[in-house]
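Inspection log for the structure reproduced underneath, given as structure tokens.
Worth knowing before you read on, the calculation uses all heavy atoms, side chains too, and leaves out hydrogens, waters and symmetry mates.
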Amino acid sequence: YEDFKAQLSERLLDEIYRRAPGARGQVDHFELSTPLSTAHFSNYAAGELYGLEHSPYRFAQRWLTPKTPIRGLHLTGQDILFCGVGSALMSGVFTAATLLGPKLLRVVPDLLAGRSAGLASALKRLVPKTPATPTRPLPVPEAQPLWFEARCVEIETLTDDCKAFRFRCDRADMRRYRPGQFVTIEAEIGGQRLCRSYTLSSSPTRPDTFEVTVKRVAAGPFSNWICAHLQVGDDMRMSGPFGEFSCAPRPRPKLLLLSAGSGITPMLSMARWIADKQSEVDVVFLHVARRQSELIFARELKQLGKQHTGTRVRISLSQEAEGSSWRGARGRLSAAMLKRAAPDLAEREVYLCGPEGFMASARTLLGDAGLPPTQLHEESFDVSSGVSGSGGRVEFSASGKTVQASGSESLLELAETSGIAVASACRTGHCGECKMRCLSGAVSMVVTDGLSADELADGYVLTCVGAVNGDIKLAA
């Protein structure tokens, strides 16, 4: 409920900024107003507002008025008449009458028109005529291009095979992303256009730059290229931010950030955000690495607990050599390790990211420990490994090409290997850029976030996460 409220209020605020750019930076607080938000908004357990009890008895008082001792401040909504949507709406008329006086007659006829056309018509005849003022429709803002350029301004070597790249750009979205989200980076390598998604390890509370952390992957053309060739001053083409893997804007009171390997990056982003905002959140940050030499951001992890007293960092090394200088925990993630780190696990919201084997094991351990499934949030960029279909023949109708699919590759990969250009961005099923209409046949998708309900009903599929099940025909 709180997550939905927060997401909807953010979308409404974004729409205000799009329509009225001058409002940006002028909003000190925003919250979607619902009955359950009263206590949160007023910061009183019983939901008191303006020093008055928020109860039916309070609303039964005759002395409630829109006026306040503060000049120019008038109340409206449920604070004027009674609880409920109807009285909240009518109290707007009450407050307007206080402010406008006889001028209210200019708008009352329109308000009554839906109830009594005759009465509205009679009232309109009593209202003095005023010259009509032509209305000018608000311009519809142009949609931001999906791709943008970002300049590398700093590179930090974290380990022998891992680097942090910090970028700067003019795109507003990259100053107000949510911690835990990711960007997709494009590069031409060996004559091929390659795209890879990387989590932002930085926090939007530090808006001057944003950071991605890249670990070299054996036989990984993109990660090896970017670690070897990207230099300060180079521009990179990106899209994003994408993803729903975030505890922002309102984290639960208790969190468990559970990661392994490079899965630490979204957790670090959220932990930095919580520390910078000094949020009243109890955080257990449990990370598993193989060796000390592979532990990235080791120094900052030690400092997190000092920066935010509610954060406890726990690290375990699974393959550290005996006799080394490491004095911390050792071993893979286990039920005992989870219990020691978070004995109150069932009360926590859990965010999980890491290699697929680690995530599968963690899923089982968390379930066995009694964590409700609704409290587990996962992030994995290895979407292609989840693409699974029975295979079949794929006909690209516009290009006239037909290819055979095994079912283990995505439709986007099939198109690219066949020389068919398909627009794409995130390649994880979130942005919708690669959507295409399936004219016949069945396509299974591991993610459908990038499609609306109408698009799904119209037969659109996300080619980056779509697998073939039998013979299909695509409009491409």
Side-chain angles (χ1 to χ4, degrees), residues 143-150 171 173 181-198 220-223 225-226 236-244 380-476:
Q144 276 195 321
L146 198 60
W147 292 90
F148 61 93
E149 295 282 333
R171 192 177 179 91
D173 286 353
Q181 288 191 298
F182 65 93
V183 293
T184 299
I185 306 178
E186 178 191 86
E188 188 166 319
I189 302 171
Q192 280 188 308
R193 172 185 176 264
L194 297 180
C195 296
R196 293 294 184 271
S197 294
Y198 292 101
F222 199 100
S223 62
W225 178 89
I226 200 170
M236 295 295 292
R237 195 164 183 256
M238 302 184 184
S239 63
F242 303 114
E244 299 300 323
S380 173
F381 293 117
D382 193 13
V383 176
S384 59
S385 66
V387 173
S388 178
S390 59
R393 190 178 62 177
V394 181
E395 179 185 348
F396 295 94
S397 60
S399 60
K401 293 185 178 181
T402 300
V403 297
Q404 192 67 31
S406 67
S408 61
E409 65 274 84
S410 70
L411 292 171
L412 181 58
E413 290 170 335
L414 279 173
E416 289 175 340
T417 55
S418 303
I420 300 169
V422 176
S424 64
C426 72
R427 303 176 82 91
T428 58
H430 291 87
C431 71
E433 178 72 359
C434 69
K435 65 186 174 187
M436 185 184 299
R437 196 165 192 173
C438 181
L439 304 176
S440 65
V443 173
S444 57
M445 292 178 284
V446 292
V447 179
T448 59
D449 294 351
L451 293 174
S452 67
D454 289 341
E455 287 170 333
L456 283 167
D458 287 342
Y460 280 90
V461 297
L462 297 169
T463 59
C464 66
V465 293
V468 179
N469 289 289
D471 295 347
I472 67 169
K473 185 177 182 180
L474 299 174

Mind checking what makes ring pair (Phe, Tyr, Trp, His ring centres under 6.0 Å) contact with Phe396, not counting sequence neighbours?
none
To the nearest 0.5 Å, tell me how far Ile185 CD1 sits from Ser197 OG.
8.5 Å
Could you pull out all residues at least two apart from Ser223 that satisfy side chain to side chain contact (heavy atoms under 4.5 Å, CB included)?
Tyr198, Val214, Val217
Test item: Ser424 and Val422 side chains (from C-beta on) under 4.5 Å apart, heavy atoms
no
With a 4.5 Å cut-off on side-chain heavy atoms, are Ser408 and Glu413 touching?
no
Roughly how far, to the nearest 0.5 Å, is CZ of Arg196 from CZ of Phe182?
13.5 Å
Is there a side-chain contact between Phe242 and Val183 in this structure, where contact means two heavy atoms from C-beta onward sitting under 4.5 Å apart?
no
Given side chain to side chain contact (heavy atoms under 4.5 Å, CB included), test Met445 with Leu451 step by step and report yes or no.
CA-CA 11 Å; Met445 292 178 284; Leu451 293 174; 4.2 Å; yes
Which pairs, with at least one residue in residues 429-443 and sequence neighbours excluded, count as a salt bridge (Lys or Arg N to Asp or Glu O under 4.0 Å)?
Lys435-Glu455
If you round to the nearest 0.5 Å, how far is SG of Cys195 from CD1 of Ile189?
9.5 Å
Tell me, which pairs form a side chain to side chain donor-acceptor pair (under 3.5 Å) where one or both residues lie in residues 414-423, sequence neighbours left out?
Glu416-Arg427
Closest non-hydrogen atom pair between Arg171 and Leu146, with its separation:
NH2-O, 4.0 Å
Please tabulate, for side-chain N and O atoms in residues 460-476, each donor-acceptor pair with protein atoms closer than 3.5 Å (sequence neighbours left out).
residue, atom, partner, partner atom, Å
Thr463, OG1, Cys434, O, 3.0
Asn469, OD1, Ser390, N, 3.1
Asn469, ND2, Ser444, OG, 3.0
Asp471, OD1, Arg393, N, 2.9

Scan residues 183-195 for pairs that pass salt bridge (Lys or Arg N to Asp or Glu O under 4.0 Å), counting only residues two or more places apart or in two chains.
Glu186-Arg193, Glu186-Arg237
Spatial distance of atom CE (Met436) from atom CD1 (Ile420) [nearest 0.5 Å]:
7.5 Å
Looking only at non-hydrogen atoms, find the nearest pair between Gly240 and Phe148 and report the distance.
O-CE2, 3.8 Å
Correct closest heavy-atom pair for Val447 and Gly429 would be CG1-O, 3.6 Å
